[in-house]
Each structure stands twice: as C-alpha cells, then as structure tokens.
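Here it is, the structure, as structure tokens.
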2 protein chains.
Amino acid sequence: MSILTENWEERLKEQGYRITKSRRTVLEVLEASPIRLTPEEIYRRARRRHRKLGLVTVYRTLALLEKLNLVQRVHTEAGCRSLTAVRLDKGHHHHLVCRTCGYVEEFPDCALGSVLRKLQARTGFAIESHHLEVVGRCPKCQ
Amino acid sequence: MSILTENWEERLKEQGYRITKSRRTVLEVLEASPIRLTPEEIYRRARRRHRKLGLVTVYRTLALLEKLNLVQRVHTEAGCRSLTAVRLDKGHHHHLVCRTCGYVEEFPDCALGSVLRKLQARTGFAIESHHLEVVGRCPKCQ
DNA sequence: CTATAACTGAAAATTTTTTTCAATAAGGAG
DNA sequence: CTCCTTATTGAAAAAAATTTTCAGTTATAG
Ligand SMILES: [Zn+2]
Ligand SMILES: [Zn+2]
Ligand SMILES: [Zn+2]
Ligand SMILES: [Zn+2]
C-alpha cells in the first residue's frame, strides 16, 4: 500500500467523511496514473472497477479530495480540468508536466522563499500561497 | 495612452489581424481593470461602451489576445476563467493576485533560472515554460 | 443488528464555451 | 473618398462541462 493510501482514509475519517467504494476507486485510478486525468477520463477508468459509478460522484469525490489536498489540479494553457494525485504526502512541492503526454512529476525544490519575502515587503500583500507549474516534454516525448 | 494601447494595434497588424471596435473595447476594459475579470464580466463592462457587442465576440477576442500574449489567464483554486491584461510589455513576469478582491499585480522577479536548470538535468525533461502565481491578500483586503 | 445520516446514481438544470452562418465593416487599391 | 475583398461579427443553436435535486442505498456508530 502506498504512502497515499496509507493516509487518505485517515484524512477522510478525521474530517468525518466515510470511506466508500466510489472514493476508493477514484483515488486508486488517480494514484495508478502517471499522467494527469480529466474527470471524464477518471470516470471511464474507474468504471472498469466499479460499474455502477456515476460521473456525478466522480465530480463530487474530486471536489472533496481536492479540498483535503489529496488531489491537485493541473493548470495548462489548454485548460485546467485535469487532476493528479498528491504523491508526497507531506511537504511543499510543485509539478513538472509533459506538454505532450501529460506525464506529471513532482519536485520539491522551490527557491522562492526569499523572492516571496521581498515581494511581500515591497507590495504590502500578505502572501499566503503560491502555485508553480513547469511545463516541458518528458524524455519519452522529446 | 498606455504602454499597452501603444503596442497592441501593432502586434495585431503585424500578424494580419484587423483593428476592430470589439477588440479595442475588450482590451480597454481589461486594461482599465485592476482586478482580473471573467469573460462574462468583460462582456458586461464592454457593453457599456459598445452596445451591440456579443458575448461570442468577447470569447473570440480573448482567445486571440491570449494567443498574442496581450492578455493572460489567472489561475485560482476557485477556477481559471478570469483574465488580466499583460501590463509589462516585454520580459518575463508573474502575477500576484489578491484572494479576496482579485486585484492583480505583476512582478518581474523570478529566481527560478537555476532551479529549472537543475530540474532539467535531473529529470531529463526539456523544460519549455513555467507558470508561477502568488496568492495573498492585498493591502486593502487584509 | 439497527438506526441514522452520509452518500450515491439518474435525470434534469445550469453554466460555460464553441460552432454555424448570413450580415457587416476594416482596410487596401484605385 | 469609393469600391472590393475578406476578416470579423452577432444571434441562435449546439456542445461541453458542471451542479442541483431527490429518492434510494450504504457506511458506520452503538
Ligand atoms: Zn488553471
Ligand atoms: Zn510526455
Ligand atoms: Zn484585495
Ligand atoms: Zn518565471
């Protein structure tokens, strides 16, 4: 069992949510996929394991998982509909995404600390979070 | 006349596009707004100046302006529908966005060069671009 | 096992975006 | 300036994406 599955049930339970077949299946699909997936794609894959699953439930589940930070949206010029499982269970990280095949790799390096501090001082903003996404072509797609 | 309006006509003409009332109005609306706007919001504001404008044209114009890099999408957890004018006409920059009111400020600092080079070496990706967005609360909204 | 409240699927509704197509208007040629 | 060509536009319709509703189902505490 992976880092994610060790923890996601706990995280749901902590917050009073139930562990259901739909949630388990959606999460398994995302976890098993090296590439980002749209709700529709998740639905198609998940139905292979859970026939009666409805697309609505996929949407609802994704919203929940996103709220609990178990799943994250991948933003691209082409649209921001697809999602990816959060693999490093703890700690700050960002995504490196392949423009061609959608392969997602997490990376922990984030040299933004001092830049953000300066930015905060200069602008008067109370900086709360940041989102970084790096786009390129993976070794296979070059 | 602002930096933007000095240049956008040229950029369109260079590429063989025409300067139309719709395009002018959409751009003026975005340029005049300190906050990010959705296509719908742009449409409502633009219609005050250009009565017969259609929402379809707003969509089409935004797609074009985005392609020409005169306008940029703002990504947030709540959705990625809104846009903002690109104010620094040249050079690499990112956005600082207020979570509450949507105020957008551009900033040129980007300390990612070396991080990205290392990332490229380590992962084998051919890195092509990156997107950074910093979220917080602006001075007014704190 | 039972009670109960969370969860689900199907259908419908809503929202967002794109396509189609006839009418209009920008901009170059004269 | 006027004419011509072709890009552009608006309205309506279609398509796509997402959310709501609601009655039936199921997870889980006790
Ligand atoms: Zn986005
Ligand atoms: Zn790839
Ligand atoms: Zn603000
Ligand atoms: Zn940068």
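Order of the sequence lines fixes the chain letters, A, B, ..., with proteins taken first and strands second; residue numbering starts at 1 for each chain.
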* Whole Å only: how far is the CD atom of Glu40(B) from the P atom of dT14(C)? -> 16 Å

* Out of dT8(D), dA6(C), dA25(C), which has the shortest distance to the side chain of Tyr17(B)? -> dT8(D)

* Asked: Less than 4.0 Å between a side-chain N and a carboxylate O, is that true for Glu9(B) and Arg24(B)?
  -> yes

* Asked: With respect to the side chain of Lys52(B), which nucleotide from dT17(C), dA25(C), dT18(D) is positioned closest?
  -> dA25(C)

* Structure fact -> Of Tyr43(B) and Gly16(B), the one whose closest nucleotide on DNA chain D sits nearer the 5' end is Gly16(B)

* To do: Specify whether Phe107(B) and His94(B) have parallel, tilted or perpendicular ring planes, treating 30° as the upper limit for parallel and 60° as the lower limit for perpendicular.
  => tilted

* To do: Give a yes/no answer on whether the side chain of Tyr59(A) brings an N or O atom under 4.0 Å of OP1 or OP2 in dT19(D).
  => no

* Asked: For dT8(D), does either OP1 or OP2 sit under 4.0 Å from a side-chain N or O belonging to Arg23(B)?
  -> yes

* Hey, is Arg36(B) close enough to Glu41(B) for a salt bridge, meaning N to O under 4.0 Å? -> no

* Given atom CD1 of Ile19(A) and atom P of dT28(D), what is their separation to the nearest angstrom? -> 6 Å

* Using a heavy-atom cut-off of under 4.0 Å over every strand shown, decide if Arg81(A) touches base, sugar-phosphate, or nothing. => sugar-phosphate

* Asked: Closest to the Arg60(A) side chain: dT8(C), dT18(D), dT9(D)?
  -> dT8(C)

* OP1, OP2 of dA25(C) versus side-chain N and O of His50(B): anything below 4.0 Å? -> no

* To do: Please tell me which of the listed nucleotides, dT8(C), dT9(D), dC7(C), lies nearest to the side chain of Ser22(A)?
  => dT8(C)

* **Single-linkage hydrophobic cluster Val29(B)~Val104(B), side-chain heavy atoms < 4.5 angstrom** => no

* For Lys13(B) and dA7(D), give me the distance from atom NZ to atom P, rounded to whole Å. => 17 Å

* Would you indicate which nucleotide in dA26(C), dT9(D), dT17(C) comes nearest to any side-chain atom of Arg18(B)? => dA26(C)

* Asked: Which part of the nucleic acid does Lys21(A) contact within heavy-atom distance under 4.0 Å: base, sugar-phosphate only, or nothing?
  -> nothing

* Asked: Rounded to the Å, how far apart are Gln15(B) CD and dA7(D) P?
  -> 15 Å

* Taking CZ from Arg24(A) and P from dT26(D), how many angstroms apart are they, rounded to a whole number? -> 14 Å

* To do: Quick one: do Trp8(B) and Ile19(B) satisfy side-chain contact (heavy atoms from CB on, under 4.5 Å)? Show the steps, please.
  => CA-CA 9 Å; Trp8(B) 72 270; Ile19(B) 310 302; 3.9 Å; yes

* Structure fact -> Rounded to whole Å, CG of Leu12(A) lies from C1' of dA5(C) at a distance of 16 Å

* To do: Look at Thr20(B) and dA26(C) and indicate whether a side-chain polar atom (N or O) is within less than 4.0 Å of OP1 or OP2.
  => no

* Nearest-Å distance for atom pair CG/C1', residues Leu53(A) and dT25(D) -> 15 Å

* **Nearest-Å distance for atom pair CG/C1', residues Leu64(B) and dA26(C)** => 15 Å

